[in-house]
Protein chains: 2
Amino acid sequence: MNDEGVVGVAGLLDRATAQTYASWFRALADPTRVQIVEYLARQAQAMSVGEIVAAIGLAQSTVSQHLKILTEVRFVLVEPVGTARHYRINDACVDCFPSAADVVMGRPAPSPNGTC
Amino acid sequence: MNDEGVVGVAGLLDRATAQTYASWFRALADPTRVQIVEYLARQAQAMSVGEIVAAIGLAQSTVSQHLKILTEVRFVLVEPVGTARHYRINDACVDCFPSAADVVMGRPAPSPNGTC
DNA sequence: ATCGTTCATCGCCGATAGGCGATTAAGCCT
DNA sequence: AGGCTTAATCGCCTATCGGCGATGAACGAT
C-alpha cells in the first residue's frame, strides 16, 4: 500500500489507509451491526436474513439495510440459496480487522496482512 | 459486565456491550480521527492542539471538535498546561480497543480487560 | 488594564445515518 | 399461470455528522 510502511515522513498515517480503516470502523459504528457481526462470527454455518431478523428483533428492511452495509465493506459474505440468502462472516476480516485496530493504536501489525 | 461472558443465551452480544463498542468504533469512523489517534499513539509526549492542527491541515475548530469526540470516549486524555492543552493517547485503550475488535470478530478476549 | 496567544464553543450549511412501512423482485411450488 | 415465501429496494422522516468562520473564554506577558 505504501513502501514507507503506511506512515509518511511527517508521522501521519497514510490518508488512503486512514480512509479504509475509517470505513471499517464506520461499518461497526452501530450497536445492531456489532451484534450482527459478532453473531455471525460465532456461527458454524451461514444464516438466512430471517434467522438474523429473529435474533435481532428489528424490522426486516432495517436488518437488510445493515447487512448491505456490512457486505459493502466485506465484513460479511452472501450466497444466494434458492429464494433465500445466506450470510456468513468473512474469515479474512477476522484476521485483518483487529490488526487494523492495532495499527491505529500505534502497534504496527506484524502479521502479513493485505488480504482485506 | 455479565456473568455469562457478555453473550446471552440466544447467542447475541449483550446490548450494552454492543453499544459501548459501537461508540468506540464511531469515534474512529472518520479518517481524520484515525490519523489523529494513530499520530498521538506514536508520540512520546503529549501534543498541543496547534501541533495537531499543523500535522492534520484542517481548521483549528474542526480539529478541536474531533479531539472532543476522541476525549469523550477516552481514547485521548487532556491536560491543561498554561494557556495550552496537551493531548495524549490513553494507554488503557491501546490494550482494550483491539481486544474489543477481537470480541466482535468472534474471538473472546483472554486478557483481563475492564480498564476502559 | 490591555494585548496576544491558545483553544473551545456556537451557528450555519449540506450530507449522511437509522428507523420504518410499502412496494418490488426473484425463486419455489402446485 | 397463480400464489407463497424470502429478501432487497424505495420513500419519508428525524437526527446526527463533518466542515467552516466567527465569537468567546482563559491565561501569560507587558
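All values below come from the heavy atoms of this structure, side chains included, with hydrogens, waters and symmetry mates left out. Proteins come first, then strands; the chains are lettered A, B, ... in the order of their sequence lines, and each starts at number 1. Note that the structure is predicted; figures quoted are calculated from it, not measured.
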Checklist outcome for this item: Taken to the nearest whole Å, CZ/B/Arg26 to C1'/C/dG18 is 11 Å
Checklist entry - Are B/Leu28 and B/Leu58 grouped together when hydrophobic residues (ILVMFWY) are joined by side-chain heavy atoms under 4.5 angstrom apart? => result yes
Next on the checklist: For B/Val49 and A/Gln65, find the nucleotide of DNA chain C closest to each by heavy atoms; which residue's nucleotide sits nearer the 5' end?
Outcome noted: B/Val49
Next on the checklist: Using the rule given for side-chain contact (heavy atoms from CB on, under 4.5 Å), can you reason through B/Ile56 versus A/Leu12, listing the C-alpha separation, both sets of side-chain angles and the distance that settles it, and then say yes or no?
Outcome noted: CA-CA 8 Å; B/Ile56 295 294; A/Leu12 214 57; 4.1 Å; yes
Item to check | d(CD1, A/Ile52; P, D/dA7) in whole Å | outcome: 9 Å
Checklist entry - Starting at the 5' end of DNA chain D, which residue's closest nucleotide do you reach first, B/Ala29 or A/Gly50? => result A/Gly50
Next on the checklist: Base, sugar-phosphate or nothing for B/Leu58? Non-hydrogen atoms, less than 4.0 Å.
Outcome noted: sugar-phosphate
Checklist outcome for this item: Between B/Val76 and B/Leu40, the two heavy atoms sitting closest are CG2-CD1, 3.6 Å
Item to check | Any donor-acceptor N/O pair under 3.5 Å between D/dG18 base and B/Thr62 side chain | outcome: no
Item to check | Side-chain N,O (B/Ser61) to OP1/OP2 (C/dT9) below 4.0 Å | outcome: no
Checklist entry - Taking the six-membered ring for Trp, is the centroid-to-centroid distance between B/Phe25 and B/Phe97 below 6.0 Å? => result yes
Next on the checklist: How many whole angstroms separate atom CD of B/Glu72 from atom C1' of C/dT9?
Outcome noted: 13 Å
Checklist entry - Below 4.0 angstrom from OP1 or OP2 of D/dA7, is there any side-chain N or O of A/His86? => result no
Next on the checklist: Does D/dA8 have its OP1 or OP2 closer than 4.0 Å to a side-chain nitrogen or oxygen of A/Tyr87?
Outcome noted: yes
Checklist outcome for this item: Taken to the nearest whole Å, CD1/A/Ile56 to P/D/dA7 is 14 Å
Item to check | Separation of atom CD in B/Glu79 from atom P in C/dA8, rounded to whole Å | outcome: 14 Å
Checklist entry - Nearest to the side chain of A/Asp30, which nucleotide is it out of C/dG19, C/dC7, C/dA8? => result C/dG19
Checklist entry - Starting at CZ of A/Arg85 and ending at C1' of D/dT5, how long is that distance when rounded to a whole Å? => result 14 Å
Checklist entry - Is a donor-acceptor contact shorter than 3.5 angstrom present between the side chain of B/Thr83 and the base of D/dG28? => result no
Checklist outcome for this item: CD (B/Glu72) and CZ (B/Arg74) are apart, to the nearest 0.5 Å, by 12.0 Å
Checklist entry - In whole Å, what is the span from the CZ atom of A/Phe25 to the P atom of D/dG18? => result 14 Å
Checklist entry - Is any side-chain nitrogen or oxygen of A/Arg33 closer than 4.0 Å to OP1 or OP2 of C/dG18? => result yes
Checklist entry - Is there a donor on the side chain of B/Gln60 or the base of C/dA8 sitting less than 3.5 Å from an acceptor on the other? => result yes
Checklist entry - Taking only side-chain nitrogens and oxygens of B/His66, does any of them come within less than 4.0 Å of OP1 or OP2 of D/dC17? => result no
Checklist entry - Expressed in angstrom and rounded to an integer, what is the separation of B/Lys68 atom NZ from D/dC17 atom P? => result 11 Å
